[in-house]
Amino acid sequence: MSNVSRPPPAVQPQNPDLGCPRTVCEVWMRFPLSRPTLGDQESENVRDAMAWGWISGTGSYVSAFERSLEQRIGRAFATVVSSGTTALEIALSALGVGPGDEVLVPALTFAAPAAAVLTVGAVPVLCDIDAETWTIDVEAARALRTPRTKAIITVDLMGHPCDYERLAELEISMVEDAAQAHGARTGKGPAGSFGVASIFSFHVNKAITSGEGGAVLTDDEELAEKVRLLAHHGMSPHHRYHHTVAGRNGRMTNLSAAIGTAQMARWDELVAGRREAARLYDARLNGLGFSPRPQRTGVLPSCWLYCVTSPERDAVVKRARHRGVDARAIWPALSDLPLYRPYARLPCPQASKVSRTALWLPTWSHLTPEDVEAVTEVMV
Ligand SMILES: *Cc1c(COP(=O)(O)O)cnc(C)c1O
């Protein structure tokens, strides 16, 4: 049976990761922000893992997920872990980033990259974004590099790949955060193929999901071994209970991997479905005072959550939410948050500007033209 039109049960409290929980909403959200597309294969894989008792961080779905990621992105080594944030922390640690180091991070992003830098004991240095792509401004990064700069995290923001040709000129060790960019590409390759390491998230609101989950990808075998070691208690894979570093348990469960493996087989369908949702929104909102997020020619972005800007952003969001559409203002710029403001050595006006005018609309693959009509109706 296909999952395409299976609605969530009407009486079940909404998942706060996807929509607004009932208790904090003005009204019941008819349209959550996001919704996973789960089908029979996902269920079957989970049942299979359960039947065999393989429910921890070891199992055939874990390795199947890793092999299919390697194949899909064209990288030599993938290690799946418990979340995208864990993937960032482990990638940074594996690169030797720690106390005394600085890591360049864009000022407009979900906060995980900056938080991961702090978690490993280093200092995030916030760079403004570039108006043309909303990704890290290469000139800002150049201006902010110091002898302590150990790495740069490049976020393919909302599915738009960064300017990897110009970033390469900086010759800074790069971690590509492709958490929002499953299926995006540039002329040089797919999102997830850049940097000495790249990470994905498979959180439920991402285009490909395992519930919670993440992955670190690299072509560097030594780095891949460090990643695996750090995610597996720092324990030698050849010598049980022989710990060579203070590792963590960052493993993904075989249950999550069972879902993720099924999703990998639907990669093209799920990515195309979100792109089609964006196309429908673009067509419907054209001429109504909304601007689609900018896009550089020569790249094929993916759609994570559909994003537009409006000079009336807050009023539009309020109107939509009151009518059961979980439209949301995007994140504040990190440079405008008290926690992260001290890490902005230069002003980040572009990040602030976008953060004050942009909003997301409900997005999932298999969003129908009728859904788009109903969502946009409450916005204008
Ligand atoms: C979602 C996301 C993450 C973190 O992923 P989790 O799996 O939720 O920990 C990291 N970076 C970006 C840009 C993200 O959007």
In terms of side-chain geometry, is the basic nitrogen of [X] or [Y] positioned less than 4.0 Å from the acidic oxygen of its partner?
{"X": "Arg145", "Y": "Glu102", "answer": "no"}
{"X": "Asp282", "Y": "Arg284", "answer": "no"}
{"X": "Arg72", "Y": "Asp268", "answer": "yes"}
{"X": "Arg341", "Y": "Asp336", "answer": "no"}
{"X": "Glu89", "Y": "Arg248", "answer": "yes"}
{"X": "Glu44", "Y": "Arg47", "answer": "no"}
{"X": "Arg266", "Y": "Glu42", "answer": "yes"}
{"X": "Glu139", "Y": "Arg142", "answer": "yes"}
{"X": "Arg75", "Y": "Asp219", "answer": "yes"}

For [Y], is there any backbone N or O sitting under 3.5 Å from a side-chain donor or acceptor partner on [X]?
{"X": "His203", "Y": "Asn205", "result": "yes"}
{"X": "Thr119", "Y": "Val117", "result": "no"}
{"X": "Ser256", "Y": "Met252", "result": "no"}
{"X": "Thr218", "Y": "Ala224", "result": "no"}
{"X": "Tyr281", "Y": "Cys307", "result": "no"}
{"X": "Asn254", "Y": "Tyr61", "result": "yes"}
{"X": "Arg321", "Y": "Ala327", "result": "yes"}
{"X": "Asp130", "Y": "Asp137", "result": "no"}
{"X": "Arg275", "Y": "Pro301", "result": "yes"}
{"X": "Glu176", "Y": "Gly192", "result": "yes"}

[atom1]-[atom2] distance between [X] and [Y], expressed to the nearest 0.5 angstrom:
{"X": "Lys206", "Y": "Ile208", "atom1": "NZ", "atom2": "CD1", "value": "12.5 Å"}
{"X": "Ile259", "Y": "Glu212", "atom1": "CD1", "atom2": "CD", "value": "10.5 Å"}
{"X": "Thr357", "Y": "Asp314", "atom1": "OG1", "atom2": "CG", "value": "10.0 Å"}
{"X": "Leu361", "Y": "Asp371", "atom1": "CG", "atom2": "CG", "value": "12.0 Å"}
{"X": "Asn249", "Y": "Leu230", "atom1": "CG", "atom2": "CG", "value": "12.0 Å"}
{"X": "Asn45", "Y": "Ser60", "atom1": "CG", "atom2": "OG", "value": "8.5 Å"}

Can you establish whether the number of heavy atoms outside [X] located under 6.0 Å from its atom [atom1] is more than 12?
{"X": "Arg148", "atom1": "CZ", "answer": "no"}
{"X": "Ile55", "atom1": "CD1", "answer": "no"}
{"X": "Gln295", "atom1": "CD", "answer": "yes"}
{"X": "Gln71", "atom1": "CD", "answer": "no"}

(request) Is it possible for you to check whether Arg35 lies under 6.0 Å from the centre of the six-membered ring of Trp364, through NZ or CZ, and within 45° of that ring's axis? (result) yes
Does the side chain of [Y] come within less than 4.5 Å of [X]'s, by heavy atoms?
{"X": "Ser173", "Y": "Val196", "answer": "yes"}
{"X": "Leu157", "Y": "Thr109", "answer": "yes"}
{"X": "Thr209", "Y": "Gln263", "answer": "yes"}
{"X": "Thr135", "Y": "Pro106", "answer": "no"}
{"X": "Asp163", "Y": "Thr133", "answer": "no"}
{"X": "Ser34", "Y": "Leu305", "answer": "yes"}
{"X": "Arg328", "Y": "Leu33", "answer": "yes"}
{"X": "Leu337", "Y": "Leu334", "answer": "yes"}

(request) With sequence neighbours excluded, tell me which residues meet salt bridge (Lys or Arg N to Asp or Glu O under 4.0 Å) with Glu132. (result) Arg296
Which atoms form the tightest heavy-atom contact between [X] and [Y], and what is the distance?
{"X": "Ala116", "Y": "Thr85", "result": "CB-O, 4.4 Å"}
{"X": "Cys162", "Y": "Thr154", "result": "SG-CB, 3.8 Å"}
{"X": "Ser82", "Y": "Thr86", "result": "OG-OG1, 3.2 Å"}
{"X": "Gln350", "Y": "Asp128", "result": "N-OD2, 3.0 Å"}
{"X": "Pro161", "Y": "Gly159", "result": "CD-O, 3.4 Å"}
{"X": "Ala329", "Y": "Val317", "result": "N-CG2, 3.9 Å"}

(request) Share the residues that join Met235 in a hydrophobic cluster, the rule being Ile, Leu, Val, Met, Phe, Trp or Tyr side chains under 4.5 Å apart at the heavy-atom level. (result)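 Tyr241, listed by chain and number.
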(request) Given side chain to side chain contact (heavy atoms under 4.5 Å, CB included), test Arg319 with Met379 step by step and report yes or no. (result) CA-CA 7 Å; Arg319 201 152 60 227; Met379 296 169 58; 5.5 Å; no
(message) Show me the pairs that pass side chain to side chain donor-acceptor pair (under 3.5 Å) and involve residues 222-235, at least two apart or across chains.
(response) Glu66-Arg228
(request) Anything under 30° is parallel, anything over 60° is perpendicular, the rest tilted; go ahead and classify Trp331 against Trp360. (result) perpendicular
(request) Take the angle between the ring planes of Phe200 and Phe202 and call it parallel below 30°, perpendicular above 60°, tilted in between. (result)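 Aromatic pair Phe200/Phe202 classed parallel.
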(message) Testing the 3.5 Å rule here: is there a donor-acceptor pair between the side chains of Ser365 and Thr37?
(response) yes
(request) Walk me through it: do Glu169 and Arg166 pass the test salt bridge (charged side-chain N to carboxylate O under 4.0 Å, His left out)? (result) CA-CA 5 Å; Glu169 293 166 10; Arg166 286 176 59 229; 5.4 Å; no
(request) Step by step, work out the side-chain hydrogen bond (donor to acceptor under 3.5 Å, both in side chains) result for Ser355 and Ser352. (result) CA-CA 5 Å; Ser355 79; Ser352 298; 5.3 Å; no
(message) Does Val103 form a side chain to side chain contact (heavy atoms under 4.5 Å, CB included) with Ile152? I'd like the steps, not just the answer.
(response) CA-CA 5 Å; Val103 179; Ile152 180 170; 5.7 Å; no
